[in-house]
Amino acid sequence: MAAVQRPGVEDMAQQEPAADRIGRMEFLLRLRRQGIGDQGVLRAMDEVPREHFVPNEFIEEAYSDQALPIACGQTISQPFVVAYMTEQLRVRPSDRVLEIGTGSGYQAAILGRIAREVVTIERYRTLAEAARTRLSVLGIHNVEVRVGDGTLGVPERVVYDRILVTAAVDLVPSALIEQLAVDGILLLPLGPIEGIQMLTRIIRTPDGLREEALIPVRFVPLRPGQAQEL
Ligand code: SAH
């Protein structure tokens, strides 16, 4: 009896339509041109298929450099911003990372390819469940998706090496500072929630907090409480 032939990774790459392959190559070249130099970040951006995280009607736009609408009136961030935030968060393979604002789960997937483990919190159950399914289909098992109010961090109050907030805040949530390890880094869009925010890096040094402004960004607002409706 003939053995069933399963395609290897190379065969699968050959089966990928040439246009898609070129699209993905351009995607990586563009990130490099935009200044992303960290090999681990570029590898993660190459490995995680963004088309799995965007709604069907936007599949064609999956590798263009723009934020796209997702369910519950939220957005999946622009690829450059995802890569830039991951790079500026200086994620190491041993890190335990907390993300606030799961959305589609794309940023969490990228973090999961680099860090030891990721906990991500989303206030909409609908989004959290969809993200959980996507991550499991893609075989990303070190990312835990929770439903809740990320403003409060995680109830267990363990500390995280890296914390990333992917929704805009006008004040740094104090629970997140409390849950940041010494030498840990917190990255968040800080500023008016209906306008342009400044992506801000806060480092907890043994002597206190050090704050640095990075680039202007525009995120949907961090809203208090778990969403009741969806
Ligand atoms: N990181 C996401 C994009 C984030 S959009 C991605 O890669 O697709 C911001 C997300 O933060 C939205 O899904 C929004 O519902 C969520 N959010 C807003 N306030 C929140 C809160 N208090 N706790 C948890 N999630 C929140």
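Keep in mind that this is a model prediction, so the values were computed, not measured. Remember, it's 1-based here, ligands and their atoms both numbered in the order they're listed.
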| task | Measure P221 to ligand 1 on non-hydrogen atoms and call it side chain, backbone, both or neither using the 4.0 Å cut-off. | result | backbone
| said: Out of R123, Q107, E122, who is nearest to atom 16 (C) of ligand 1 when you count heavy atoms only? | reply: E122
| Who pairs with L214 by side chain to side chain contact (heavy atoms under 4.5 Å, CB included), at least two apart in sequence or on another chain? | Y84, Q88, L187, L199, R201
Which atom pairs, donor and acceptor, lie under 3.5 Å between side-chain atoms of residues 106-114 and protein residues at least two apart or in another chain?
{"residue": "Q107", "atom": "NE2", "partner": "T86", "partner atom": "OG1", "Å": "3.0"}
{"residue": "R113", "atom": "NE", "partner": "E47", "partner atom": "OE1", "Å": "2.8"}
{"residue": "R113", "atom": "NH2", "partner": "E47", "partner atom": "OE1", "Å": "3.0"}

| Y124 N/O under 3.5 Å from ligand 1 N/O | no
| query | So, is L222 polar-close to ligand 1, with some N/O to N/O distance under 3.5 Å? | reply | no
| task | Identify, by atom number and element, the atoms of ligand 1 in contact range of V220, meaning under 4.0 Å from any of its heavy atoms. | result | 5 (S), 9 (C)
| task | Look only at interatomic distance and state if R223 has a nitrogen or oxygen under 3.5 Å from any nitrogen or oxygen of ligand 1. | result | yes
| query | Which is it for L135 and V137 under the side chain to side chain contact (heavy atoms under 4.5 Å, CB included) test, yes or no, and what are the steps along the way? | reply | CA-CA 6 Å; L135 293 164; V137 166; over 6 Å; no
| task | Do me a favour and list the nearest non-hydrogen protein atom to atom 2 (C) of ligand 1 with residue, atom name and distance? | result | T102 O, 3.3 Å
| query | ligand 1 and A167, any nitrogen or oxygen pair closer than 3.5 angstrom? | reply | no
| note | Filtering S104, A131, G103 for the heavy atom nearest atom 8 (O) of ligand 1 leaves S104
| message | Counting only heavy atoms, tell me which of V82, I70, T166, L68 gets closest to atom 9 (C) of ligand 1. | response | T166
